[in-house]
A.B. asks: 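Let me begin by handing over the structure; questions about it come next.
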Amino acid sequence: MSSTVFRILVTRRIPREAIDILATKCNIDVWDSDECIPNQTLHKRIEGIDGLFCLLTDKIGSATLDAAGPSLKVVSTMSVGVDHIDLRECARRNINIGYTPDVLTAATAEFTLALLLATSRRIVEATREAQSGGWGTWKPTWLCGPSLLGGTVGIVGLGRIGIATLERLRPFGPKKFLYNNTKRRSIEEENELSVEYATLDDLLKRSDFVLCLCALTPESTNLFNREAFNKMKRTAIFINTARGGIVDQDALYEALSSNKIAAAGIDVTNPEPLPVDNALFKLNNCVITPHIASASLQTRTKMATLAAENLLCGLEGIEMPAKYSIS
(Lines give C-alpha, C1' and ligand atoms only; values in the text may rest on other atoms or scores of the structure.)
Protein backbone atom coordinates (compact mmCIF):
# COMPACT_ATOMS: atom_id res chain seq x y z
CA MET A 1 0.00 0.00 0.00
CA SER A 2 1.06 3.55 -0.68
CA SER A 3 2.01 5.89 2.19
CA THR A 4 0.82 8.90 0.19
CA VAL A 5 -1.75 11.21 1.76
CA PHE A 6 -4.41 11.97 -0.83
CA ARG A 7 -6.44 15.13 -1.30
CA ILE A 8 -10.14 14.44 -1.69
CA LEU A 9 -13.34 16.44 -1.88
CA VAL A 10 -16.62 15.18 -0.42
CA THR A 11 -19.57 17.06 -1.92
CA ARG A 12 -22.02 16.62 0.96
CA ARG A 13 -22.34 15.87 4.65
CA ILE A 14 -22.08 12.06 4.93
CA PRO A 15 -22.17 9.47 7.76
CA ARG A 16 -19.26 9.63 10.18
CA GLU A 17 -18.31 6.02 9.46
CA ALA A 18 -17.36 6.94 5.88
CA ILE A 19 -15.32 9.95 6.99
CA ASP A 20 -13.40 7.73 9.42
CA ILE A 21 -12.45 5.36 6.58
CA LEU A 22 -11.21 8.20 4.40
CA ALA A 23 -9.35 9.94 7.24
CA THR A 24 -6.85 7.07 7.48
CA LYS A 25 -5.18 8.09 4.22
CA CYS A 26 -6.67 11.39 3.07
CA ASN A 27 -6.85 15.09 3.66
CA ILE A 28 -10.59 15.63 3.40
CA ASP A 29 -12.42 18.72 2.26
CA VAL A 30 -16.12 18.28 3.05
CA TRP A 31 -18.93 20.50 1.82
CA ASP A 32 -20.55 20.42 5.25
CA SER A 33 -24.18 20.73 4.22
CA ASP A 34 -27.15 18.56 3.31
CA GLU A 35 -27.74 20.79 0.29
CA CYS A 36 -25.97 20.56 -3.09
CA ILE A 37 -22.62 22.22 -3.39
CA PRO A 38 -22.95 25.19 -5.78
CA ASN A 39 -21.27 24.56 -9.12
CA GLN A 40 -18.98 27.55 -8.78
CA THR A 41 -17.85 26.38 -5.34
CA LEU A 42 -17.38 22.83 -6.59
CA HIS A 43 -15.13 23.99 -9.41
CA LYS A 44 -13.07 26.09 -7.02
CA ARG A 45 -12.61 23.43 -4.36
CA ILE A 46 -12.04 20.53 -6.74
CA GLU A 47 -8.84 21.96 -8.22
CA GLY A 48 -5.85 19.68 -7.70
CA ILE A 49 -7.68 16.91 -5.83
CA ASP A 50 -6.84 13.21 -6.21
CA GLY A 51 -10.30 11.81 -5.53
CA LEU A 52 -13.93 12.94 -5.56
CA PHE A 53 -16.71 11.56 -3.36
CA CYS A 54 -19.97 12.68 -5.01
CA LEU A 55 -23.72 12.09 -4.96
CA LEU A 56 -26.26 11.52 -7.71
CA THR A 57 -27.23 15.21 -7.60
CA ASP A 58 -23.72 16.30 -8.59
CA LYS A 59 -23.23 16.65 -12.35
CA ILE A 60 -19.73 15.44 -13.12
CA GLY A 61 -19.04 16.44 -16.70
CA SER A 62 -16.19 17.91 -18.73
CA ALA A 63 -16.28 21.31 -17.01
CA THR A 64 -15.96 19.74 -13.54
CA LEU A 65 -13.22 17.37 -14.68
CA ASP A 66 -11.36 20.27 -16.30
CA ALA A 67 -11.59 22.20 -13.04
CA ALA A 68 -10.12 19.25 -11.14
CA GLY A 69 -7.20 18.90 -13.51
CA PRO A 70 -4.98 15.90 -14.26
CA SER A 71 -4.49 14.96 -10.60
CA LEU A 72 -8.02 13.49 -10.37
CA LYS A 73 -7.80 9.70 -10.50
CA VAL A 74 -11.03 8.41 -8.91
CA VAL A 75 -14.67 9.52 -8.82
CA SER A 76 -16.71 7.57 -6.27
CA THR A 77 -20.45 8.11 -6.18
CA MET A 78 -22.74 7.25 -3.27
CA SER A 79 -25.35 5.81 -5.63
CA VAL A 80 -26.03 2.80 -7.81
CA GLY A 81 -26.99 5.06 -10.73
CA VAL A 82 -24.17 6.74 -12.62
CA ASP A 83 -26.15 8.80 -15.13
CA HIS A 84 -24.89 12.01 -13.47
CA ILE A 85 -21.29 11.20 -14.45
CA ASP A 86 -19.85 11.59 -17.95
CA LEU A 87 -18.49 8.05 -18.10
CA ARG A 88 -16.90 8.35 -21.52
CA GLU A 89 -15.04 11.50 -20.53
CA CYS A 90 -13.82 9.82 -17.34
CA ALA A 91 -12.63 6.84 -19.36
CA ARG A 92 -10.80 9.15 -21.78
CA ARG A 93 -8.96 10.71 -18.83
CA ASN A 94 -8.26 7.34 -17.15
CA ILE A 95 -10.43 8.23 -14.15
CA ASN A 96 -11.85 5.19 -12.36
CA ILE A 97 -15.50 5.17 -11.24
CA GLY A 98 -16.81 3.61 -8.05
CA TYR A 99 -20.51 3.11 -7.28
CA THR A 100 -22.69 1.38 -4.67
CA PRO A 101 -24.67 -1.56 -6.09
CA ASP A 102 -26.30 -4.28 -3.96
CA VAL A 103 -26.22 -2.42 -0.62
CA LEU A 104 -29.40 -0.48 -1.43
CA THR A 105 -31.22 -3.35 -3.14
CA ALA A 106 -33.29 -4.47 -0.14
CA ALA A 107 -34.24 -0.96 0.99
CA THR A 108 -35.29 0.10 -2.52
CA ALA A 109 -37.29 -3.08 -3.03
CA GLU A 110 -39.04 -2.57 0.33
CA PHE A 111 -39.90 0.99 -0.59
CA THR A 112 -41.13 0.03 -4.06
CA LEU A 113 -43.56 -2.38 -2.41
CA ALA A 114 -44.60 0.28 0.11
CA LEU A 115 -45.19 2.86 -2.62
CA LEU A 116 -47.17 0.38 -4.70
CA LEU A 117 -49.44 -0.44 -1.74
CA ALA A 118 -49.83 3.22 -0.74
CA THR A 119 -50.80 4.10 -4.31
CA SER A 120 -53.05 1.17 -5.18
CA ARG A 121 -54.86 1.16 -1.83
CA ARG A 122 -55.14 4.98 -1.88
CA ILE A 123 -53.57 5.44 1.54
CA VAL A 124 -52.45 9.05 1.08
CA GLU A 125 -55.82 10.05 -0.35
CA ALA A 126 -57.59 8.28 2.52
CA THR A 127 -55.42 10.05 5.10
CA ARG A 128 -56.36 13.41 3.60
CA GLU A 129 -60.04 12.49 3.75
CA ALA A 130 -59.74 11.51 7.41
CA GLN A 131 -57.95 14.77 8.25
CA SER A 132 -60.27 17.05 6.28
CA GLY A 133 -63.58 15.70 7.55
CA GLY A 134 -64.37 13.61 4.50
CA TRP A 135 -64.69 10.46 6.62
CA GLY A 136 -68.41 9.84 7.00
CA THR A 137 -70.38 6.64 7.28
CA TRP A 138 -68.91 3.38 5.99
CA LYS A 139 -69.47 3.07 2.24
CA PRO A 140 -69.09 -0.18 0.27
CA THR A 141 -66.96 1.21 -2.59
CA TRP A 142 -65.44 4.37 -1.11
CA LEU A 143 -61.64 4.63 -1.56
CA CYS A 144 -61.40 1.13 -2.97
CA GLY A 145 -58.33 0.21 -4.99
CA PRO A 146 -57.02 -2.89 -6.78
CA SER A 147 -55.52 -5.81 -4.89
CA LEU A 148 -52.33 -7.57 -5.88
CA LEU A 149 -54.09 -10.89 -5.33
CA GLY A 150 -54.70 -12.49 -8.70
CA GLY A 151 -53.23 -9.54 -10.63
CA THR A 152 -50.48 -9.28 -13.22
CA VAL A 153 -47.32 -7.40 -12.31
CA GLY A 154 -45.09 -6.07 -15.09
CA ILE A 155 -41.51 -5.19 -14.19
CA VAL A 156 -39.51 -3.04 -16.59
CA GLY A 157 -35.92 -3.67 -15.55
CA LEU A 158 -35.52 -7.06 -13.85
CA GLY A 159 -32.11 -6.49 -12.30
CA ARG A 160 -31.07 -6.81 -8.66
CA ILE A 161 -33.75 -4.44 -7.39
CA GLY A 162 -36.35 -5.86 -9.76
CA ILE A 163 -35.79 -9.40 -8.51
CA ALA A 164 -35.77 -8.29 -4.86
CA THR A 165 -39.06 -6.45 -5.44
CA LEU A 166 -40.59 -9.46 -7.18
CA GLU A 167 -39.73 -11.71 -4.22
CA ARG A 168 -41.35 -9.26 -1.80
CA LEU A 169 -44.47 -9.04 -3.95
CA ARG A 170 -44.90 -12.79 -4.35
CA PRO A 171 -46.55 -13.44 -0.93
CA PHE A 172 -49.32 -10.98 -1.90
CA GLY A 173 -50.54 -13.48 -4.47
CA PRO A 174 -50.19 -12.00 -7.97
CA LYS A 175 -51.20 -14.51 -10.62
CA LYS A 176 -48.41 -13.62 -13.05
CA PHE A 177 -45.14 -11.71 -13.26
CA LEU A 178 -44.05 -10.27 -16.61
CA TYR A 179 -40.74 -8.58 -17.26
CA ASN A 180 -38.97 -6.64 -19.96
CA ASN A 181 -35.20 -6.12 -20.12
CA THR A 182 -32.84 -4.83 -22.76
CA LYS A 183 -31.24 -8.27 -22.51
CA ARG A 184 -33.52 -11.24 -21.91
CA ARG A 185 -32.65 -13.57 -19.05
CA SER A 186 -32.01 -17.27 -19.69
CA ILE A 187 -34.87 -19.76 -19.76
CA GLU A 188 -33.42 -21.31 -16.61
CA GLU A 189 -33.51 -17.98 -14.78
CA GLU A 190 -37.06 -17.29 -15.97
CA ASN A 191 -38.20 -20.69 -14.71
CA GLU A 192 -36.41 -20.23 -11.38
CA LEU A 193 -38.02 -16.81 -10.87
CA SER A 194 -41.40 -17.85 -12.32
CA VAL A 195 -41.44 -14.86 -14.64
CA GLU A 196 -42.47 -14.49 -18.26
CA TYR A 197 -40.61 -12.33 -20.75
CA ALA A 198 -42.79 -9.89 -22.68
CA THR A 199 -42.17 -7.15 -25.19
CA LEU A 200 -42.69 -3.72 -23.69
CA ASP A 201 -45.93 -3.26 -25.63
CA ASP A 202 -47.27 -6.62 -24.45
CA LEU A 203 -46.25 -5.93 -20.84
CA LEU A 204 -47.99 -2.55 -20.84
CA LYS A 205 -51.20 -4.00 -22.28
CA ARG A 206 -51.41 -6.98 -19.92
CA SER A 207 -50.19 -5.63 -16.58
CA ASP A 208 -52.36 -4.43 -13.71
CA PHE A 209 -49.28 -3.00 -11.99
CA VAL A 210 -46.37 -1.58 -14.01
CA LEU A 211 -43.10 -1.10 -12.12
CA CYS A 212 -40.31 1.02 -13.61
CA LEU A 213 -37.02 -0.27 -12.21
CA CYS A 214 -34.64 0.14 -15.15
CA ALA A 215 -31.56 2.34 -15.43
CA LEU A 216 -31.69 5.76 -17.05
CA THR A 217 -29.86 5.57 -20.37
CA PRO A 218 -30.25 7.42 -23.66
CA GLU A 219 -32.46 4.54 -24.80
CA SER A 220 -34.71 4.62 -21.73
CA THR A 221 -35.12 8.41 -21.54
CA ASN A 222 -38.87 9.19 -21.73
CA LEU A 223 -39.54 5.48 -22.23
CA PHE A 224 -42.86 6.02 -20.46
CA ASN A 225 -44.38 8.56 -22.80
CA ARG A 226 -47.86 9.32 -24.08
CA GLU A 227 -47.80 6.28 -26.36
CA ALA A 228 -46.78 3.99 -23.51
CA PHE A 229 -49.46 5.22 -21.12
CA ASN A 230 -52.09 4.88 -23.85
CA LYS A 231 -51.26 1.17 -24.09
CA MET A 232 -51.82 0.55 -20.39
CA LYS A 233 -55.09 -0.57 -18.82
CA ARG A 234 -57.36 2.17 -17.50
CA THR A 235 -57.18 0.34 -14.16
CA ALA A 236 -53.36 0.13 -14.18
CA ILE A 237 -51.13 1.38 -11.37
CA PHE A 238 -47.76 2.82 -12.42
CA ILE A 239 -44.78 2.94 -10.04
CA ASN A 240 -41.38 4.56 -10.64
CA THR A 241 -38.52 4.20 -8.16
CA ALA A 242 -35.78 4.28 -10.82
CA ARG A 243 -35.06 7.71 -12.34
CA GLY A 244 -37.32 10.62 -13.20
CA GLY A 245 -35.92 11.00 -16.70
CA ILE A 246 -37.43 7.67 -17.74
CA VAL A 247 -40.90 9.23 -17.58
CA ASP A 248 -42.40 12.01 -19.67
CA GLN A 249 -44.11 13.82 -16.78
CA ASP A 250 -46.44 15.82 -19.01
CA ALA A 251 -47.64 12.56 -20.51
CA LEU A 252 -48.01 11.08 -17.03
CA TYR A 253 -50.12 14.04 -15.91
CA GLU A 254 -52.31 13.71 -19.00
CA ALA A 255 -52.78 9.97 -18.40
CA LEU A 256 -53.69 10.47 -14.74
CA SER A 257 -55.92 13.51 -15.15
CA SER A 258 -57.90 11.93 -17.99
CA ASN A 259 -58.13 8.55 -16.22
CA LYS A 260 -56.21 6.73 -18.95
CA ILE A 261 -54.51 4.95 -16.04
CA ALA A 262 -55.82 4.63 -12.50
CA ALA A 263 -52.94 5.97 -10.42
CA ALA A 264 -49.19 6.48 -10.13
CA GLY A 265 -46.63 6.42 -7.35
CA ILE A 266 -43.32 8.13 -8.11
CA ASP A 267 -40.27 8.49 -5.88
CA VAL A 268 -38.17 10.13 -8.60
CA THR A 269 -38.95 13.15 -10.76
CA ASN A 270 -37.42 15.46 -13.33
CA PRO A 271 -36.28 17.87 -12.00
CA GLU A 272 -35.56 17.08 -8.39
CA PRO A 273 -36.91 18.54 -6.24
CA LEU A 274 -40.16 18.80 -8.14
CA PRO A 275 -41.49 22.39 -7.87
CA VAL A 276 -44.36 22.59 -5.40
CA ASP A 277 -46.63 24.15 -8.03
CA ASN A 278 -46.21 21.18 -10.38
CA ALA A 279 -49.58 19.94 -11.62
CA LEU A 280 -48.90 16.36 -10.48
CA PHE A 281 -49.17 17.48 -6.84
CA LYS A 282 -52.77 18.54 -7.45
CA LEU A 283 -53.90 15.03 -8.42
CA ASN A 284 -55.45 12.70 -5.86
CA ASN A 285 -54.35 9.68 -7.88
CA CYS A 286 -50.64 10.53 -7.82
CA VAL A 287 -48.44 9.76 -4.80
CA ILE A 288 -45.11 11.61 -4.88
CA THR A 289 -42.24 11.00 -2.47
CA PRO A 290 -38.89 12.86 -2.39
CA HIS A 291 -36.43 10.23 -3.70
CA ILE A 292 -36.27 8.23 -0.46
CA ALA A 293 -36.35 4.63 -1.72
CA SER A 294 -32.96 3.85 -0.17
CA ALA A 295 -33.59 5.92 2.95
CA SER A 296 -33.03 3.44 5.73
CA LEU A 297 -30.31 4.39 8.20
CA GLN A 298 -28.50 1.10 7.69
CA THR A 299 -28.56 1.38 3.92
CA ARG A 300 -27.35 4.97 3.72
CA THR A 301 -24.45 4.15 6.07
CA LYS A 302 -23.50 1.12 3.95
CA MET A 303 -23.69 3.21 0.78
CA ALA A 304 -21.41 5.86 2.26
CA THR A 305 -18.84 3.39 3.59
CA LEU A 306 -18.74 1.46 0.30
CA ALA A 307 -18.25 4.71 -1.61
CA ALA A 308 -15.43 5.62 0.79
CA GLU A 309 -13.79 2.20 0.36
CA ASN A 310 -14.07 2.50 -3.42
CA LEU A 311 -12.38 5.88 -3.34
CA LEU A 312 -9.58 4.84 -1.00
CA CYS A 313 -8.84 1.59 -2.86
CA GLY A 314 -8.86 3.34 -6.21
CA LEU A 315 -6.38 5.92 -4.97
CA GLU A 316 -4.19 3.22 -3.42
CA GLY A 317 -4.10 1.36 -6.73
CA ILE A 318 -5.80 -1.76 -5.41
CA GLU A 319 -9.02 -3.41 -6.56
CA MET A 320 -12.11 -1.35 -5.76
CA PRO A 321 -14.96 -3.25 -4.04
CA ALA A 322 -17.44 -1.91 -6.63
CA LYS A 323 -15.83 -0.46 -9.74
CA TYR A 324 -18.15 0.65 -12.51
CA SER A 325 -17.05 -0.73 -15.86
CA ILE A 326 -18.10 0.94 -19.09
CA SER A 327 -19.26 -1.80 -21.45
A.B. asks: Nearest 0.5 Å, please: how far is CD1 in I163 from CG in L213?
C.D. replies: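 Answer for the CG-CD1 pair, L213 versus I163, is 11.0 Å.
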A.B. asks: To the nearest 0.5 Å, how far apart are CZ in R12 and SG in C36?
C.D. replies: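 One finds 4.0 Å between CZ of R12 and SG of C36.
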A.B. asks: Mind telling me whether F238 and F229 have parallel, tilted or perpendicular rings, with 30° and 60° as the class edges?
C.D. replies: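 Aromatic pair F229/F238 classed perpendicular.
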A.B. asks: Which of these passes side chain to side chain contact (heavy atoms under 4.5 Å, CB included) with I85: I95, L56, D58, I60?
C.D. replies: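 Among the candidates, only I60 passes.
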A.B. asks: Could you tell me the separation between the OG atom of S76 and the OH atom of Y324, rounded to the nearest 0.5 Å?
C.D. replies: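 OH of Y324 is found 14.5 Å from OG of S76.
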A.B. asks: Could you walk me through whether E219 and T217 pass the side-chain hydrogen bond (donor to acceptor under 3.5 Å, both in side chains) test, one step at a time?
C.D. replies: CA-CA 5 Å; E219 293 73 28; T217 64; 3.3 Å; yes
A.B. asks: Under the criterion salt bridge (charged side-chain N to carboxylate O under 4.0 Å, His left out), I'd like the reasoning laid out for R226 against D248: C-alpha separation, chi angles, the key distance, then a yes or no.
C.D. replies: CA-CA 8 Å; R226 184 172 290 103; D248 179 338; 5.4 Å; no
A.B. asks: Let me see the working for R122 and E129 under salt bridge (charged side-chain N to carboxylate O under 4.0 Å, His left out), right down to the final yes or no.
C.D. replies: CA-CA 11 Å; R122 303 170 69 176; E129 289 293 322; over 6 Å; no
A.B. asks: Look at the rings of Y179 and Y197 and say which category their plane angle falls in: under 30° parallel, 30 to 60° tilted, over 60° perpendicular.
C.D. replies: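 Y179 vs Y197 ring planes: perpendicular.
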A.B. asks: Donor-acceptor pairs under 3.5 angstrom involving side-chain atoms of residues 269-276: please list them, not counting sequence neighbours.
C.D. replies:
from, atom 1, to, atom 2, distance (Å)
T269, OG1, P271, O, 2.7
E272, OE1, H291, ND1, 2.8
E272, OE2, T269, N, 3.0
E272, OE2, H291, ND1, 3.1

A.B. asks: Identify whether the distance between the nearest side-chain nitrogen and carboxylate oxygen of K205 and D201 falls below 4.0 Å.
C.D. replies: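 D201 and K205: not salt-bridged.
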A.B. asks: With the threshold set at 4.0 Å, does a side-chain nitrogen-carboxylate oxygen contact exist between D208 and K233?
C.D. replies: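 Between K233 and D208 there is a salt bridge, with a charged N closer than 4.0 Å to a carboxylate O.
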A.B. asks: Could you check I237, I239, L211, I288 and say which one makes a side chain to side chain contact (heavy atoms under 4.5 Å, CB included) with L115?
C.D. replies: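 When I237, I239, L211, I288 are each tested with L115, the side chain to side chain contact (heavy atoms under 4.5 Å, CB included) holds only for I239.
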